[in-house]
There are 2 protein chains.
Amino acid sequence: MRRPRTERQSVRASRSVQACPHAGSGTADMATRIIIVGGVAAGMSAATRLRRLDESAEIVVFERGRHVSFANCGLPYHVGGVIEERSSLLLQTPQSLRSRFALDVRTEQDVTAIDREARTVTARDSRTGTTLTEAYDYLILAMGGTPLQTTPAAGDAPPVVTLRSIEDVDRVTDVLASLPAATAARAVVMGAGFIGLEATENLVRRGLAVTLVQRGAHPLSPLDPEMASPVADELARHGVDLRTGTTVTGLTPTGVTLSDGADVTAQLVIDARGIGPAAHLATAAGLRLGPSGGIAVDGHHRTDDPRVFAVGDAAEKTDAVSSEPTLVTMAGLANRHGRAAADVIGWETGHLDAPPAAASPALGTAIVGLFDLTIALVGWSEQRLTAAGRAHRVIHTHPTDHAGYYPGAERMAMKVMVDPDTGLILGAQIVGGRGVDKRIDVIATAMHARLPAAELAQLELAYAPQYASAKDPLNMVGYIADNLASGVTDTLQWHELPAAMAAGATLIDVRSPQEYEGGAIPGSVNIPLDTLRDGVDALPGGDLIVHCQVGQRGHTAARILAQCGRRVRNLDGGYLTWQAGTHATERVGEMASA
Amino acid sequence: MRRPRTERQSVRASRSVQACPHAGSGTADMATRIIIVGGVAAGMSAATRLRRLDESAEIVVFERGRHVSFANCGLPYHVGGVIEERSSLLLQTPQSLRSRFALDVRTEQDVTAIDREARTVTARDSRTGTTLTEAYDYLILAMGGTPLQTTPAAGDAPPVVTLRSIEDVDRVTDVLASLPAATAARAVVMGAGFIGLEATENLVRRGLAVTLVQRGAHPLSPLDPEMASPVADELARHGVDLRTGTTVTGLTPTGVTLSDGADVTAQLVIDARGIGPAAHLATAAGLRLGPSGGIAVDGHHRTDDPRVFAVGDAAEKTDAVSSEPTLVTMAGLANRHGRAAADVIGWETGHLDAPPAAASPALGTAIVGLFDLTIALVGWSEQRLTAAGRAHRVIHTHPTDHAGYYPGAERMAMKVMVDPDTGLILGAQIVGGRGVDKRIDVIATAMHARLPAAELAQLELAYAPQYASAKDPLNMVGYIADNLASGVTDTLQWHELPAAMAAGATLIDVRSPQEYEGGAIPGSVNIPLDTLRDGVDALPGGDLIVHCQVGQRGHTAARILAQCGRRVRNLDGGYLTWQAGTHATERVGEMASA
């Protein structure tokens, strides 16, 4: 929503652009007064940008907690001792923000009400209990997220802590310090999302035995099962007791009880379950919420009240894949949207010559480290696309991060979803080591720019053998997308294989005999690629499926057979993807029967 | 150039798509016959793609050298022992290519002539001296590059070797083995380009003392001087004797003589000077060359003869910045264009349903490792833009690869050139450690997609503290580009500072007193940012220039002063860029006076 131009102009006319005020003094009647609720990522980005645009503005930040502008994404790593100094997490203080940006930052202030008619907010000082009402010209809501479920608590039970504030981390530190070192300490982590995995890794790093409890069928629900399979492997490799398909239903004096009836011993419980928008203040003020439960905003982060903006985890975003309202709780978006809201206000008050561009739709790019693994994703998963009934092609590859002939190359698993009608990239998932972050960023950039997947083949990415391959993994994805679109190749997904074989298709493993002997798909016959041309005439009739280790030799095999007039499909991602998917399916079966 | 449709259709009609021939046998009158000259990157990409498209085609590859499809970008690393096994460099052999792709690969065949009328090539076997003439339906020229200058040689002088083939590496290995270990061995490397730097690093790794001789004023000529400054530092840190502004003019019994008169001792000389297109065969055949001296081709890699394609380092590309013909000698482009030429032939012969898209203009993305440094670039430099009289804005930043609060963050120097009219990115240079390759790839993707520089701010790049920052370095570049475009900020380049100060501008260093004492720009006054608001009234009149360490505090300072009505510019890239540029200038002065 855009304010009527006349009103905007009247605001512009009410103040001098050339004024040189010293913040907090003088000409108060001329200064724009902005109140920001929430002083971490989105709120503080808005505040500092506002100051750089408008030296005369009065900018008040109310923060509920004791700290502002702290490194919330670093909290788990302070628990693990990776970030040694607690002070490293405190990027700014109210005093430093006053000195540098002339901000009026007030911590431990719980904003309890907004009077949109009077343009005031009321805040309660949580130390003294006193309340205060402050007027605004503009209000920016940046309250962030709040746990969707109540954290369980019982008097005679282990402490249950979220990992969302400096105070949370202090509490975990105290609990860990209080544990008798002689006893092997145990922890339960509720939720195997991003924070849950980071908490798990860092508790293991501190020497605790960790049980990780996940409601879904696999860790990191946004991943598809075969892509989550190496995540489960990595957890197992580090001794983590992963319990999927279950939840914590209660606390006991010695730990927790799970929904499957199991009791798990724990001296500490981390609640890392889902977060929703902290929108209650907006609701109480009669501001419109969107279908996702977040505060509804237009492309310029404005709520249905032209004087009120909402940014960060409390506000809705527009999903890049569906164009529908959605929630994406990422620090990058929070910072970006906070700054963008400041630009809108800066424009309306005459401090920018042009209005800022509307927000780009949200891709949901995310990354997490887990021991030696890096897991990154963007856009939608195959599961989500299937559930939404949205047509898609799937590409699995297993490239190395750099040229195989240069030492130290690490293999990653890569999956890309493509819209068969437009050719656009709908989502991607990458799991591996080095080079995963680079590839997800390039894909996110390609999605932002709406490059078709096949266009990835044309990207001129930097190549030297220690950094990449002459045909980068993303170039290869582009070639595969092109081959699928042009009909040069036809593929089959790992989960489609059983039905195809049941229908009579012959599965040909074109790897070497050594590879075949080291592990093969049941029912496959081994005809190495280099001998395939000689064996074509001896093949049984009917549909053929070929596969190799990762998909590349399979592609060549499929081309040979297709040109001999055979109906043939290449098993996408080869043996490695099939193996990961099959393991994932087996794990679900084991959990269900346990 | 596109062949007339009637002719294309007649080729399509002349063969059966459904044939299932075994390569090299039968139906020769129906098979398309393709000859490829050159069997490394471009040629072999064309050959293998052709086979996947057309099982019946006869595909003959003539390679001048003894090896095909070898890892030419790995050659320096085998010299240094990083790639231990020589066999790792040999990715394919004629035999393996016959088995897998039914290719007829002939090594040590020097193609001496093309008869375009008769559609034949004549090749001379360099072992036997016999010549052979072969007919083609299509000819793909992929001869690669050739040294621009003759490698010096003298009987009683150290061996001079290029690093372009397996044979070259074998020769270097032999020389190194022959050197008496007791004596400190010395080498001269001619040319401080990509290969020259890689050769230098690897000879140092082998224990040699290296003198690196560079005609230009600094190593890596495509870099601007202040960006090359850390490269010179890194060479010095590893004991390399860098001689700029000079060339090797002759060999002596004990080493080389330089154009500045100096004699340098060496038992081995590596010639890593410039490479040009190996176009003599095309010239002799009357094919058109372009203004760059490369074989002229259209967007589909076709020469002015519709039956002849040219790809790789021998062929011209279209420059993405100027849209003019250019030479870009990168393995990625060679591979891509080889495959694309195969697609054009595949389409014309009925094996693809749609014609391939025209080639994307070349960006010239490149990367090189040098000891602990990674240097990457794309597009044009500031120097090149200035020389071409092309308007541009410049942005320097010094971000860390990941969040500063997470251990191990490494600082990089980043420079981006922007078209002030279109806002498009014209070029970028990045020098640092971890994370350099990621950022150049994202910029290359943004350039490919023609995203304006300011749009980098909107990229949703993956953030967790060990991988990036919530505001990624590229987001920050986007914000700076936006601030420059909108007039929110005005900057000054390091090389513009002396003139501005001579004209009476006051230079204010807004860093802390500790930073100022640790090294400051002569003539600057220190007013720390956090006290600037109180000191505005005491500032002298006239133009102001502010600076900090990297540019960020300077931006805030400039905003404060601008809103007080002062004419103020922020020194782009801060003290670090000024220091790098000044060092580069001093080095040139020292070399000139030496």
Side-chain angles (χ1 to χ4, degrees), chain A residues 18 20 22 41 52 55 71 73-74 77 82-83 88-89 99-100 331-333 335 352-354 360 362-363 365-369 376 405-407 437-438 440-442 444-446 448-449 451 458-467 470-471 486-487 529-530 533 536 556 559-560 563-565, chain B residues 18 20 22 41 52 55 71 73-74 77 82-83 88-89 99-100 331-333 335 352-354 360 362-363 365-369 376 405-407 437-438 440-442 444-446 448-449 451 458-467 470-471 486-487 529-530 533 536 556 559-560 563-565:
Chain A
Q18 289 303 319
C20 179
H22 295 194
R52 288 194 298 269
E55 186 63 16
C73 297
Y77 297 97
V82 176
I83 299 173
S88 302
L89 300 172
S99 302
R100 180 150 304 172
L333 286 173
N335 280 304
L352 278 177
D353 290 337
S360 303
L363 298 170
T365 318
I367 193 165
V368 63
Y405 65 80
Y406 191 96
D437 59 332
K438 175 163 74 173
I440 208 74
D441 276 0
V442 171
T445 303
H448 176 95
L451 292 184
Q458 305 306 322
L459 295 183
E460 211 180 314
L461 304 171
Y463 166 56
Q466 64 272 55
Y467 302 102
K471 288 174 186 157
S486 67
L529 173 57
D530 292 354
R533 285 184 183 83
V536 170
T556 298
R559 289 298 303 156
I560 293 171
Q563 293 188 69
C564 293
Chain B
Q18 288 304 321
C20 180
H22 293 194
R52 288 193 299 268
E55 186 64 16
C73 297
Y77 298 96
V82 176
I83 300 173
S88 302
L89 300 171
S99 303
R100 179 149 304 173
L333 286 172
N335 280 303
L352 277 177
D353 290 337
S360 303
L363 298 170
T365 317
I367 192 165
V368 62
Y405 66 81
Y406 191 96
D437 60 333
K438 174 162 75 172
I440 209 73
D441 276 1
V442 171
T445 304
H448 176 95
L451 292 184
Q458 305 306 323
L459 296 182
E460 210 179 314
L461 304 171
Y463 166 56
Q466 64 272 53
Y467 302 101
K471 288 173 185 157
S486 66
L529 173 57
D530 291 353
R533 285 184 182 84
V536 169
T556 298
R559 289 299 303 156
I560 293 171
Q563 293 189 69
C564 295

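Sequence lines set the chain letters: A, B, ... in the order given, protein chains first and strands last, and positions in each chain run from 1.
In terms of non-hydrogen atom pairs under 4.5 Å with chain A, the most contact-rich of B/P465, B/A354, B/A331 is B/P465. Counting heavy-atom pairs under 4.5 Å between each of B/A464, B/A449, B/S99 and chain A puts B/S99 at the top. Of all the listed residues (B/G369, B/A376, B/G487), the one sharing the greatest number of non-hydrogen pairs under 4.5 Å with chain A is B/G369. No other option in B/T556, B/L89, B/T365 has as many heavy-atom pairs under 4.5 Å with chain A as B/T365.
Of the two parts of B/Y467, the backbone and the side chain both hold a non-hydrogen atom closer than 4.5 Å to a non-hydrogen atom of chain A. Neither the backbone nor the side chain of B/A41 comes within contact range of chain A, judged by heavy atoms closer than 4.5 Å. Residue B/Q466 touches chain A through its side chain alone, counting heavy-atom pairs closer than 4.5 Å. Interface residue B/V368: only backbone heavy atoms are found under 4.5 Å from chain A.
From B/R533, atom CZ reaches atom CZ of A/R100 across 10.0 Å, with rounding to the nearest 0.5 Å. Here the CD-CD distance, from A/Q563 to B/E55, works out to 5.5 Å after rounding to the nearest 0.5 Å. Rounded to the nearest 0.5 angstrom, A/H448 NE2 and B/L461 CG are separated by 10.0 Å. Rounding to the nearest 0.5 angstrom, the gap separating the CG atom in B/D441 from the CD atom in A/E460 is 10.5 Å. Between the OH atom of B/Y463 and the CG atom of A/D437 there is a distance of 14.0 Å, given to the nearest 0.5 Å. Distance CG/A/L459 to CG/B/L363: 9.0 Å, rounded to 0.5 Å.
Residues B/P407 and A/I83 have side chains in contact (heavy-atom distance under 4.5 Å, counting atoms from C-beta outward). When side chains are defined from C-beta on, A/C73 does not count as touching B/Y406, because their heavy atoms never get closer than 4.5 Å.
Nearest heavy-atom pair, B/L352 versus A/S486, reported as atom, atom and distance to 0.1 Å: CD2-OG, 4.5 Å. In terms of heavy-atom proximity, B/A462 sits nearest to A/I440 at CB-CG2, 3.6 Å. Scanning both residues, A/A446 and B/T445, for their nearest heavy atoms gives N-CG2, 4.2 Å. Counting all heavy atoms, side chain and backbone alike, B/S88 lies closest to A/Y405 at O-CB, 3.3 Å.
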